[in-house]
Peer 1: 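Handing you this structure, nothing more for now.
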Amino acid sequence: MPDPLGTRKGLCPHEACNMLPLPKTVALIVVLTAVTSLLGCSTILKNIARTASGVRLTELCAEDVYKSKADQALRDCNKALAINPKYGPAYFYRALAYQLKGNIAQEELDLDRAIEHFPSFAEPYAERCTLEMTGNVVEQLAARNDCDKAVGLSPRDSYVIRKRFQLRMHVADYEGALADARTILSLQPGSAFGMIDMCAVYIMMRRVSDARLSCHQAETADSDREYGYRVAAVLEAQMSDWASARADADRGVALSPNNAWSYNQRCWVLISMNDLEGAKRDCAKALALSNNEPEIRDTRAGILMLLRNYNGVIADESAMATHWPRSPYGFGGRCAAELKMNQPQKALRDCERALALDPNGGDWYVLRGNVYQAQGKTGQARADYEHAFSIDPTSIEALREQAKLELRAGNVHLASTLAATYVAKNEYDPLGHEVYGTALAALGKRSEAIKQFGAALSGYRRRGDNVGINEVQVAMAPLNRSSQQ
């Protein structure tokens with residue numbers, strides 16, 4: 001379950017780190033503020049020296065944050081704050097260092113301090129906005145206020161505007177998000193960032209042709225093209241354009257062979273295309289390059305889920321939930337594994353936590369629907385599946401899971417229609433072919449059912465899934481017997 005834009009994490013996405021404010025720009029503001037607030041020549045000279053030292057340490061802290069060196073960033077920012085405990089920018093960059101370590105409480109405290117000591121600095125408001133956006137109604141109102149305040153202070157700052165874009169995507173304000181994406185594009189006309197953001201919005205608005213055009217333009221941008229390729233790969237997969245997704249994922253890796261996120265994005269694409277061996281290699285490479293980044297462990301959990309290694313899924317997703325407690329992904333992934341381990345109450349609690357963090361994310365409704373289906377709550381499960389696909393066109397698994405439900409309920413024609421729609425969107429998933437084959441067999445369409453079961457067997461064999469193979473063989477047995485009579 002990828003989050004290529006960081007819109008559902010509630011935190012700054014690694015991919016957009018180069019949109020952070022330049023430390024030297026911040027430093028100049030701090031120096032001028034310090035100098036103009038001091039009296040007396042000798043005092044000014046002494047304080048300029050101290051301020052310059054603190055500024056340099058803040059610059060080093062910021063550079064460490066860019067490189068994801070959280071411990072070194074904390075040391076440098078702490079030194080800067082020891083020189084001047086009212087350095088707003090030092091608190092801001094220390095907050096980002098705490099974010100890298102998953103210490104959300106300390107991050108939030110430092111953002112508050114940055115705003116207190118430097119109220120005209122837009123970025124802390126923007127960052128606090130994304131912390132607040134996954135909260136309750138009151139916190140989301142605070143998020144809107146903080147993002148609007150940040151944009152008001154710095155209306156031509158792409159980093160700030162992108163934070164509001166993330167908030168608007170999270171609350172399903174797609175018209176507002178599209179306006180922000182266009183603003184980013186106007187500020188960075190040669191960059192892939194604005195185009196990728198527009199592609200993502202168009203997908204949610206079901207404007208597929210516009211989405212494909214925007215993704216293509218991101219791939220041909222003058223700058224940040226490697227980012228354009230690797231994020232476009234995931235977005236294209238969400239549009240079921242698998243050939244483009246695979247090709248662009250490969251291009252992203254080729255352009256950034258030492259970037260963990262290039263391998264992570266391709267890993268997810270390969271999981272979706274049932275190439276688990278390739279996915280294993282890419283996720284292993286990404287983890288090695290990133291020092292076991294929890295977001296990449298969340299991607300790897302997708303491999304483990306398909307291999308039925310549910311304890312491994314729990315371990316990876318728990319690491320994600322611990323490090324990013326405001327992200328729904330760890331809780332949602334854990335829900336899926338707990339249900340497979342016959343722990344429906346645990347699964348339901350984790351699904352509810354994911355939904356509380358991201359009420360517009362279709363994946364979490366699909367997972368909760370699966371829990372309800374396992375508990376025999378057919379009506380609630382059906383409602384969740386239908387709602388998931390109505391609000392989130394990327395949640396195509398809702399079609400497959402509702403098809404399974406309709407089969408059990410005896411609604412065979414509806415099950416067949418849903419399964420056929422799903423298989424057309426993802427031909428690589430053997431479970432989709434298995435469900436479709438079962439529906440066709442129930443309709444008496446023997447030859448078509450055998451074709452779907454054959455595709456399911458091929459997919460399960462590719463991943464070495466003996467449980468799946470046995471399930472299909474059992475489903476095919478009546479068809480084989482009827483051919484012998």
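Computed over heavy atoms, backbone and side chain alike; hydrogens, waters and symmetry mates excluded.
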Peer 1: Of Thr378, Asn411, Thr417, which meets side-chain hydrogen bond (donor to acceptor under 3.5 Å, both in side chains) against Glu406?
Peer 2: Asn411

Peer 1: Answer with yes or no whether the side chains of Ser256 and Asn259 bring together a donor and an acceptor at under 3.5 Å.
Peer 2: no

Peer 1: Just by distance, no angles: are the side chains of Tyr385 and Asn370 close enough, under 3.5 Å, to form a donor-acceptor pair?
Peer 2: yes

Peer 1: If you measure from the Lys or Arg side-chain nitrogens to the Asp or Glu carboxylate oxygens, is any gap between Asp64 and Lys69 under 4.0 Å?
Peer 2: no

Peer 1: Is there a side-chain contact between Gln375 and Val371, using heavy atoms and a 4.5 Å cut-off?
Peer 2: yes

Peer 1: Is any side-chain heavy atom of Ser214 closer than 4.5 Å to a side-chain heavy atom of Ile196?
Peer 2: no

Peer 1: Would a distance-only check, ignoring hydrogens and angles, find a side-chain to backbone donor-acceptor pair under 3.5 Å from Ser240 to Lys425?
Peer 2: yes

Peer 1: Test of understanding: with side-chain hydrogen bond (donor to acceptor under 3.5 Å, both in side chains), list the residues that count as partners of Asp241, not counting sequence neighbours.
Peer 2: Ser244

Peer 1: To the nearest 0.5 Å, tell me how far Asn264 CG sits from Thr299 OG1.
Peer 2: 3.5 Å

Peer 1: Show your reasoning for whether salt bridge (Lys or Arg N to Asp or Glu O under 4.0 Å) applies to Lys163 and Glu127.
Peer 2: CA-CA 7 Å; Lys163 290 298 180 180; Glu127 199 65 42; 3.4 Å; yes

Peer 1: A side-chain contact here means heavy atoms from C-beta on lying under 4.5 Å apart; do Val269 and Glu236 qualify?
Peer 2: no

Peer 1: Arg212 versus Met239: any side-chain heavy-atom pair under 4.5 Å?
Peer 2: yes

Peer 1: Distance-only criterion, 3.5 Å: show the donor-acceptor pairs between side-chain atoms of residues 428-439 and protein atoms not counting sequence neighbours.
Peer 2:
{"unit_1": "Asp429", "atom_1": "OD1", "unit_2": "Leu431", "atom_2": "N", "d": "3.0"}
{"unit_1": "Asp429", "atom_1": "OD2", "unit_2": "Arg400", "atom_2": "NH1", "d": "2.6"}
{"unit_1": "Asp429", "atom_1": "OD2", "unit_2": "Tyr422", "atom_2": "OH", "d": "2.5"}
{"unit_1": "His433", "atom_1": "ND1", "unit_2": "Gln452", "atom_2": "OE1", "d": "2.7"}
{"unit_1": "His433", "atom_1": "NE2", "unit_2": "Glu427", "atom_2": "O", "d": "2.8"}
{"unit_1": "Glu434", "atom_1": "OE1", "unit_2": "Tyr460", "atom_2": "OH", "d": "2.7"}
{"unit_1": "Thr438", "atom_1": "OG1", "unit_2": "Glu434", "atom_2": "O", "d": "2.8"}

Peer 1: Any Lys/Arg nitrogen of Glu132 or Arg128 sitting under 4.0 Å from an Asp/Glu carboxylate oxygen of the other?
Peer 2: yes

Peer 1: Shortest non-hydrogen contact from Leu100 to Ser68?
Peer 2: CD1-CA, 3.7 Å

Peer 1: With side chains defined as the heavy atoms from C-beta onward, is the minimum distance between Gln373 and Asp384 less than 4.5 Å?
Peer 2: no

Peer 1: Show the nearest heavy-atom pair for residues Arg206 and Pro393, with the distance to one decimal.
Peer 2: NH1-CB, 3.4 Å

Peer 1: What pair of heavy atoms forms the shortest contact from Ile391 to Pro359, and how long is it?
Peer 2: CD1-O, 4.1 Å

Peer 1: Between Lys451 and Glu448 (salt bridge meaning N to carboxylate O under 4.0 Å), is one present in this structure?
Peer 2: no

Peer 1: Contact between Phe165 and Leu178 at the side-chain level, heavy atoms closer than 4.5 Å - yes or no?
Peer 2: no

Peer 1: Under 4.0 Å between a Lys/Arg side-chain N and an Asp/Glu carboxylate O for Asp148 and Arg144?
Peer 2: no

Peer 1: Do Lys280 and Ile303 come close enough that some side-chain heavy atom pair is under 4.5 Å?
Peer 2: yes

Peer 1: Could you tell me whether Arg162 and Asp180 make a salt bridge, using a distance below 4.0 angstrom between a side-chain N and a carboxylate O?
Peer 2: no

Peer 1: So which atom in Ala374 and which in Leu339 form the shortest heavy-atom distance, rounded to 0.1 Å?
Peer 2: CB-CD1, 3.8 Å

Peer 1: Within this structure, what is the CD1-CG distance for the pair Ile161 and Leu185, rounded to the nearest 0.5 Å?
Peer 2: 11.5 Å

Peer 1: Decide, yes or no, whether a salt bridge links Lys285 with Asp282 under the criterion of side-chain N to carboxylate O below 4.0 Å.
Peer 2: no

Peer 1: With rounding to the nearest 0.5 Å, note down the distance linking CG in Asp298 to CZ in Arg334.
Peer 2: 12.0 Å

Peer 1: Which heavy-atom pair separates Ala221 from Gly190 by the least distance, and what is that distance?
Peer 2: CB-O, 3.6 Å

Peer 1: Check Arg368 with Glu352, please: is the shortest side-chain N to carboxylate O separation under 4.0 Å?
Peer 2: yes

Peer 1: Flag the pair Asp197 and Arg182 as a salt bridge only when some basic side-chain nitrogen lies within less than 4.0 angstrom of an acidic carboxylate oxygen.
Peer 2: no

Peer 1: Provide the closest heavy-atom pair for Ala419 versus Ala403 in the form atom of the first, atom of the second, distance.
Peer 2: N-CB, 3.9 Å

